[in-house]
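Here's the structure, in C-alpha cells; my notes come after.
A, B, ... follow the sequence lines: proteins, then strands. Residue 1 opens every chain.
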Protein chains: 2
Amino acid sequence: MKAVALQVIPAIKLHSLKDACAQCNARELCLPQGLSDAELQQLDDMVGVRQKLKRGEHLYRNGDPFSAIYAIKTGFFKTDVVTEDGRDHVTGFQMHGEILGMDGISGDAHACNAVALEDSEVCVIPFAELEHLSATIPTLQRHFHRVMSREIVRDHGIMMLLGTLRAEERLVAFLLNLSQRYAARGYSPTEFHLRATRDEIGSYLGLKLETVSRALSQLQDSELIQVQQKYIRITSLDGLKKMLAHTQTC
Amino acid sequence: MKAVALQVIPAIKLHSLKDACAQCNARELCLPQGLSDAELQQLDDMVGVRQKLKRGEHLYRNGDPFSAIYAIKTGFFKTDVVTEDGRDHVTGFQMHGEILGMDGISGDAHACNAVALEDSEVCVIPFAELEHLSATIPTLQRHFHRVMSREIVRDHGIMMLLGTLRAEERLVAFLLNLSQRYAARGYSPTEFHLRATRDEIGSYLGLKLETVSRALSQLQDSELIQVQQKYIRITSLDGLKKMLAHTQTC
DNA sequence: CGCAGTTTTGATTCATCTCAATTTGTGTGG
DNA sequence: CCACACAAATTGAGATGAATCAAAACTGCG
C-alpha cells in the first residue's frame with residue numbers, strides 16, 4: 001500500500017456544518033461530551049473540515065508536521081511506530097468516537113503513523129483553535145485533558161499486558177477490550193469483525209502472527225469463541241473474563 | 001513497606017515561595033519552561049505546597065482521589081499498576097523535572113501507584129488551579145499539553161520495546177534512556193546509580209529479575225558497561241547504541 | 001479461473017522463565 | 001563497631017512457551 005493523496009472535503013454548507021457535531025453518532029463518546037448546546041455550536045464552527053479515507057490510506061505519517069487532532073466519525077484505524085532499523089510496532093487500534101493525533105503535540109510533528117483499516121471519516125480539529133477555544137470553555141478544556149489522560153492510562157494497561165501476560169491471555173484481553181468498546185457503541189459485545197490482520201494484532205500484542213492464529217484456535221477449541229477468519233463470536237464472555245482473573249491465584 | 005502519613009510542608013514564607021520556581025534547579029525541564037518572569041510568578045503563587053517523601057513512601061496510590069499533579073523537585077520515583085489478581089507492573093521511572101500524576105485526570109482518581117525510590121521532594125500543583133491559570137497563559141497551556149503528549153509518545157516507545165526487543169536489547173534501551181536523561185540534567189551520561197532493584201527494572205522491561213541480572217553480566221562481559229550492584233558505568237556508549245541500531249539489518 | 005495475500009497447522013529451535021543454591025550487600029541492635 | 005539477619009543479586013541447570021521455518025488451505029479480487 002503506497003501513499004495516496006488525502007481527500008479533503010471542504011466546507012459545503014454552513015447549515016449542515018453547524019449541525020455536524022450535534023448529529024454525529026459518535027458524539028456521546030467524542031470530544032464534545034458534556035458540552036451545552038451553545039458550546040457545541042462553537043466547537044462545531046471550529047471543526048471546519050471532514051476528511052474521508054479509503055482502506056489502507058494514511059491519515060498522517062511519522063514526521064508529518066502537526067497542526068490538528070482528529071475525531072473519528074466512522075471507521076477503524078491503527079497507529080504504529082517504526083524504528084530506524086525497520087522494526088515496526090502497532091501501538092493501538094482506534095474506532096469511532098476516539099481521538100487520533102495527540103502524539104503530535106509534544107514535538108510539533110506526528111510521532112507515529114495512523115492508517116485507516118477500513119473506509120473511514122474523521123473530523124479535523126485544528127489544534128491551535130482547540131487550545132484557543134478550550135481556554136474559554138472550561139468544560140471543553142477539562143474534557144480534552146481527560147481524553148489525553150485516558151490515553152495515558154490505556155497505554156499503561158497495554159504495557160502491563162505486554163509485560164506480564166502470556167500469549168493466550170493477551171489475546172483474551174484484546175478481545176474483551178474490543179467487546180467492551182463495541183458494546184459502548186451500541187453494537188454486539190459478542191459478535192464482531194476484526195479489522196486487523198493476524199500480523200497487525202500480533203504486532204500490537206507483541207506476538208508473531210502464527211501465535212495469534214494458534215491462540216485463536218485454542219480459544220475456539222475451548223469453546224469460548226468461534227472464529228471464521230476476521231469474524232469473531234464470543235460464546236462465553238464469562239469464560240474469557242475468568243481466564244484473565246485467576247491465572248496465578250489458583 | 002507500609003503506608004506512611006504524608007508529610008506536608010505548609011507555606012512558610014511568601015517571599016521564599018515566590019522564588020521557588022525561579023530558583024528550582026529542575027526548572028529548565030519542568031512545567032514553567034518557556035514562561036516569562038511575570039508568568040513564572042503566577043505559577044509560583046499557584047504551587048503553594050512542597051511535599052517531602054522518604055524512600056519507599058507513596059506519593060499517591062491507585063484509587064486515591066485526584067486533585068493535583070506533581071513536579072519532582074528532587075529524587076526518583078517509580079509508578080506501577082496492579083491488577084485484581086495481584087500482578088503488578090512498573091510503568092515508569094521518573095526523575096527530577098518530570099511530572100507525575102497525569103493518570104488521575106481522566107477518572108478523578110489515580111490509576112497507578114507512585115513510590116519514591118529515594119528521599120524526594122515534589123511540588124504539588126493543584127490541578128483545578130493549573131487548568132484555570134493555563135486558560136489565561138497560553139504558553140503554560142501549550143506547555144502542559146506538550147508534557148502530556150510527551151508522556152503518550154514515551155509510552156508508545158515502551159510498548160515498542162516490550163513488543164519487539166529481546167531481553168538484552170531492552171536493557172540497553174533502558175540504560176541509554178537513563179544515560180540521556182542524566183545528561184540532560186547535567187550529570188554524567190556514562191556513570192550513575194540505578195535507583196531501582198533488578199526486580200523493578202525487570203517488571204518495567206517485562207523480564208524476570210534473573211534475566212535482568214544475566215543481561216547486565218553479559219553486557220559487562222562484552223566490555224560495554226561495568227556493573228557493581230546498582231552502580232553502572234557505561235564504557236562504550238556507541239557500542240550500546242549499535243546494539244539497538246542494527247539487530248536485524250546485518 | 002487463477003493468483004496473491006492471509007491464515008492455519010506442524011515440527012523444531014531458541015530465548016526466557018523457573019527452580020535452586022550461593023554470594024554479596026545493607027541495616028539494626030547489642 | 002561488630003555480628004547478625006534479611007534483602008538483593010548472581011549464577012547454574014532444566015523446563016517451557018513462543019519464535020522460526022515450512023507447507024498447505026482458504027479467501028477474495030481482478
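Side chains of A/H156 and B/E151 form a contact here, defined as non-hydrogen atoms less than 4.5 Å apart. Considering only heavy atoms from C-beta on, B/H58 stays 4.5 Å or farther from B/D64 through its side chain.
A donor atom on one side chain and an acceptor atom on the other are not found under 3.5 Å apart for B/T197 and B/D199. In the model, A/T235 has no side-chain atom that pairs as donor or acceptor with a side-chain atom of A/E223 under 3.5 Å.
Going from atom CD1 of B/I152 over to atom OG of A/S149 covers 9.0 Å, rounded to the nearest 0.5 Å. Distance CD1/A/I158 to NE2/B/H89: 11.5 Å, rounded to 0.5 Å.
Checking side-chain atoms of B/S120 against main-chain N and O of B/F76 turns up a donor-acceptor pair under 3.5 Å. The main-chain N or O of A/T79 is never found under 3.5 Å from a side-chain atom of A/N113 such that the two would form a donor-acceptor pair.
D/dA18 atom C1' lies 17 Å from atom CD1 of A/I201, rounded to whole Å. As a whole-Å value, the separation of B/E169 CD from C/dA15 C1' is 12 Å. Distance CG (A/L117) to P (C/dG5): 18 Å, rounded to an integer number of Å. Between B/L216 atom CG and D/dT10 atom P the separation is 6 Å, expressed in whole Å. Rounded to an integer number of Å, the gap from A/L162 CG to D/dG17 P is 19 Å. Atom NE2 of B/H193 and atom C1' of D/dA8 are 16 Å apart (whole Å). The distance from atom CG of B/L194 to atom P of C/dT26 is 13 Å, rounded to the nearest whole Å. When the C1' atom of D/dG17 is taken as reference, atom CG of B/L207 falls 15 Å away, rounded to whole Å.
Between B/E98 and B/R185, at least one side-chain nitrogen of the basic residue sits less than 4.0 Å from a carboxylate oxygen of the acidic one, meeting the salt-bridge criterion.
Ring geometry for B/H110 versus B/F66: interplanar angle over 60°, hence perpendicular rather than tilted (30 to 60°).
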Where do N or O atoms of nucleotides 9-11 of chain C meet protein N or O atoms at under 3.5 Å, pair by pair?
{"from": "C/dT9", "atom 1": "OP2", "to": "A/S217", "atom 2": "OG", "distance (Å)": "2.7"}
{"from": "C/dG10", "atom 1": "N7", "to": "A/R214", "atom 2": "NH1", "distance (Å)": "2.9"}
{"from": "C/dG10", "atom 1": "O6", "to": "A/R214", "atom 2": "NH2", "distance (Å)": "3.1"}

Treating primed atoms plus P, OP1 and OP2 as sugar-phosphate and everything else as base, which nucleotides of nucleotides 25-30 of chain D get B, S or - for protein heavy atoms under 4.0 Å? --S---

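Both A/E168 and B/R198 sit near DNA chain D, but only B/R198 has its closest nucleotide nearer the 5' end.
In this structure, A/G206 reaches the sugar-phosphate backbone alone: every heavy-atom distance under 4.0 Å involves primed, P, OP1 or OP2 atoms, never a base.
If you look at B/F192 and B/Y187, their ring centroids are not closer than 6.0 Å.
A heavy-atom distance below 4.0 Å to DNA chain C is reached by none of the residues of residues 77-84 of chain A.
Side-chain proximity of B/K230 to the nucleotides C/dT6, D/dA9, C/dC17 is greatest for D/dA9.
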